[in-house]
2 protein chains.
Amino acid sequence: MAADEVLRARVRQLMALTDGSQRAFAARVGIEPSKLSRSLAGKRRFTPWELARIAETGGVAVDWLLGGDGTPVPPDEAPAGHRDQRRDEILVAAWRLIAERGYHSVRVADIAQACGTSPAAVHYYFPTKQDVLNEALRYCVEQAFTRQRAELGLIDDAHQRLVRLVEMQLPWPGRVRDEWSIWLQFWSEAALRTELRPAHNEFYARWREAVVRIISKGQRQRVFRQDVDPEDAALRFTALTDGAAIQVMTGAPGMTLDRMRGLLLGFIDRELVA
Amino acid sequence: MAADEVLRARVRQLMALTDGSQRAFAARVGIEPSKLSRSLAGKRRFTPWELARIAETGGVAVDWLLGGDGTPVPPDEAPAGHRDQRRDEILVAAWRLIAERGYHSVRVADIAQACGTSPAAVHYYFPTKQDVLNEALRYCVEQAFTRQRAELGLIDDAHQRLVRLVEMQLPWPGRVRDEWSIWLQFWSEAALRTELRPAHNEFYARWREAVVRIISKGQRQRVFRQDVDPEDAALRFTALTDGAAIQVMTGAPGMTLDRMRGLLLGFIDRELVA
DNA sequence: CATCTGACTGACTCACCAGTCAGAAGGTCT
DNA sequence: AGACCTTCTGACTGGTGAGTCAGTCAGATG
């Protein structure tokens with residue numbers, strides 16, 4: 001069975017597990033019913049954003065959708081209820097505000113207003129502001145990972161996968177730039193407040209691990225040189241990416257999105273490609 | 001005349017211009033009189049920290065001390081008076097607090113306490129807190145540059161100079177780590193508040209320019225490959241440095257000071273050395 | 001139908017902190 | 001001696017924003 005057939009089967013299986021029609025499922029996922037229908041029929045490909053949303057709504061890993069092992073719905077991770085929905089809404093509002101105004105300039109009242117609710121409602125879900133903000137950082141990064149996985153899982157060739165990763169990481173204005181803004185904040189907070197480090201380092205390890213796996217895969221596929229240490233190359237690749245992103249984000253002279261792309265693709269060509 | 005002879009002559013010249021004894025000069029610079037005396041006699045080398053302090057106290061550029069052209073004391077930059085001394089004291093306290101606690105967690109009262117004065121005294125020198133903090137960021141970076149110049153100006157071989165630069169940039173606990181902390185804060189602030197970008201970008205351009213010059217010098221000295229574009233190599237070198245520093249600062253798994261050094265020296269060896 | 005519970009509101013309190021202001025202390029100039 | 005300036009203090013004000021709390025209300029439960 002081809003990869004996309006597996007995917008369609010898995011989405012159908014997930015739909016069967018949750019109650020309600022295909023139309024209701026589409027609504028919950030936030031995708032037009034006609035698009036869902038065409039995608040299930042194989043006449044249209046799911047976008048990575050949709051895959052990420054489907055996995056999230058269904059409470060499964062994107063990996064499972066793409067053919068991975070494991071139970072479709074782990075017993076303790078049932079589909080999100082109403083309560084969790086509101087919680088998520090608050091977290092989304094919070095991380096967007098952090099990205100836009102900065103960690104320390106976000107007020108509980110701002111978050112509440114962005115959700116169309118009252119400050120007290122935010123405190124109903126999170127005891128303190130710190131809790132909202134720290135959770136929001138995690139939430140944003142988690143979502144970004146999910147999307148990344150959804151998109152990269154569809155590409156088989158390791159070289160192309162890495163090139164795609166570079167493209168996905170370019171801080172174009174909009175969502176990706178906001179996510180980079182979160183990273184910058186995360187870094188300065190984690191450098192100062194050690195209690196944020198475990199969370200930060202877990203994420204960072206995952207991001208670097210993802211690069212290590214792509215490089216190793218590329219070596220097995222013989223598209224990357226055999227004489228580079230994947231760990232070492234990933235360390236350099238991630239450092240270069242972060243450093244370049246900072247320069248784009250701060251508008252450093254001579255650094256543009258195109259230049260950043262060139263920098264990273266150049267690294268891949270010079271250091272990795274066989 | 002050898003480089004260190006020029007240096008000694010210039011320091012003497014500077015001392016002659018400011019009134020007071022050699023002992024008084026030593027006190028103002030914050031160096032033991034005996035050390036100054038031995039350094040002037042050529043029996044001891046000035047440390048880069050001392051050079052930076054001497055230049056600052058005398059109101060001259062470190063370049064001039066090292067034999068550069070220009071007047072020793074530009075008319076509008078006469079040696080710092082009492083007023084400026086107190087101002088500097090506030091700025092030093094401010095940037096250290098920012099490095100330690102973070103930009104947004106510094107209170108005017110904290111700065112005042114660190115200087116042994118009252119909050120109102122801080123407002124006497126700076127109209128608003130914003131002014132103190134922004135000035136403090138600039139001040140810290142400016143001082144770091146001065147020290148860097150003082151140290152690197154003594155090394156003639158471009159390869160060794162770059163290696164020394166790497167060593168100086170490693171965020172060992174203490175002053176250098178604090179300076180990196182300032183950079184992290186500067187980045188996240190500059191990414192969010194465009195009014196900080198001109199200052200940030202000026203500094204960043206200077207830092208990258210310094211690297212460009214070292215690489216170009218190395219090409220003229222034939223210690224670096226001729227086929228690399230200095231601008232391009234500097235862009236990559238700075239991005240790599242910043243990215244690696246972030247990982248050290250946040251305690252990212254597998255990234256240590258030694259690893260950072262290896263990363264950067266590896267870059268120099270692989271990409272620059274002839 | 002009565003009761004209970006989860007989700008929430010509006011009005012409040014309280015701490016904190018930037019910035020102000022009227023002078024004091026000490027020095028300099030005339 | 002006295003006018004005047006610089007530097008600084010201590011006590012104050014006003015605004016802001018986190019967190020609390022009593023109460024509301026829709027819907028579930030028995």
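In what follows, every chain begins at residue 1, and chains take the letters A, B, ... in the order their sequences are listed.
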Engineer: Taking atom P of D:dG10 as reference, at what distance in whole Å does atom CD of B:Q113 sit?
Structural biologist: 13 Å

Engineer: From C-beta outward on B:Y124, which listed nucleotide comes closest to its side chain: C:dA18, D:dT20, D:dT6?
Structural biologist: D:dT6

Engineer: Considering only C:dC8, D:dT9, D:dA18, which nucleotide approaches the side chain of A:H123 most closely?
Structural biologist: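 For the A:H123 side chain, the nearest candidate turns out to be D:dA18.
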
Engineer: Here's a test of your reading of the structure: between A:A120 and A:R107, which maps to the more 5' nucleotide of DNA chain D?
Structural biologist: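 Nearest-nucleotide comparison on DNA chain D picks A:R107.
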
Engineer: Specify whether A:W183 and A:W187 have parallel, tilted or perpendicular ring planes, treating 30° as the upper limit for parallel and 60° as the lower limit for perpendicular.
Structural biologist: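 The arrangement is tilted - the two ring planes meet at 30° to 60°.
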
Engineer: Does a side chain donor of either A:T128 or A:D131 reach within less than 3.5 Å of an acceptor in the other side chain?
Structural biologist: yes

Engineer: Grab the CD1-P distance between A:I90 and C:dC8 for me, whole Å please.
Structural biologist: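 That distance rounds to 8 Å.
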
Engineer: For A:T128 and D:dA18, is the shortest distance between a side-chain N/O and OP1 or OP2 below 4.0 Å?
Structural biologist: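 For D:dA18, neither OP1 nor OP2 has a side-chain N or O of A:T128 closer than 4.0 Å.
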
Engineer: Taking only side-chain nitrogens and oxygens of B:R86, does any of them come within less than 4.0 Å of OP1 or OP2 of D:dT6?
Structural biologist: no

Engineer: Given atom CZ of A:F126 and atom C1' of C:dC8, what is their separation to the nearest angstrom?
Structural biologist: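 Going from A:F126 (CZ) to C:dC8 (C1'), I get 15 Å.
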
Engineer: Separation of A:H104 atom NE2 from D:dA18 atom C1', in whole Å?
Structural biologist: 15 Å

Engineer: Is any side-chain N or O of B:Y125 closer than 4.0 Å to OP1 or OP2 of D:dT7?
Structural biologist: no

Engineer: Take atom CG of B:D110 and atom C1' of C:dA18, then tell me their distance rounded to the nearest Å.
Structural biologist: 13 Å

Engineer: Angle class for the A:H104/B:H104 ring planes (parallel below 30°, perpendicular above 60°, tilted otherwise)?
Structural biologist: parallel

Engineer: Using a 3.5 Å distance criterion without hydrogens, assess whether the side chain of A:Q247 forms a donor-acceptor pair with backbone atoms of A:M255.
Structural biologist: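 Not confirmed, A:Q247 side chain does not pair with A:M255 backbone.
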
Engineer: Check whether the side chains of A:Q148 and A:R206 place a donor and an acceptor atom closer than 3.5 Å, and report yes or no.
Structural biologist: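 The criterion, which ignores hydrogens and geometry beyond distance, is not satisfied for A:R206 and A:Q148.
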
Engineer: Between P on C:dG6 and CD on A:Q85, what's the gap in Å once rounded to a whole number?
Structural biologist: 18 Å

Engineer: Of the nucleotides D:dG19, C:dC8, C:dT9, which one has an atom closest to the side chain of A:K129?
Structural biologist: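 Closest nucleotide to the A:K129 side chain: D:dG19.
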
Engineer: Rounded to the nearest angstrom, tell me the gap between atom CG in A:L97 and atom P in D:dG17.
Structural biologist: 13 Å

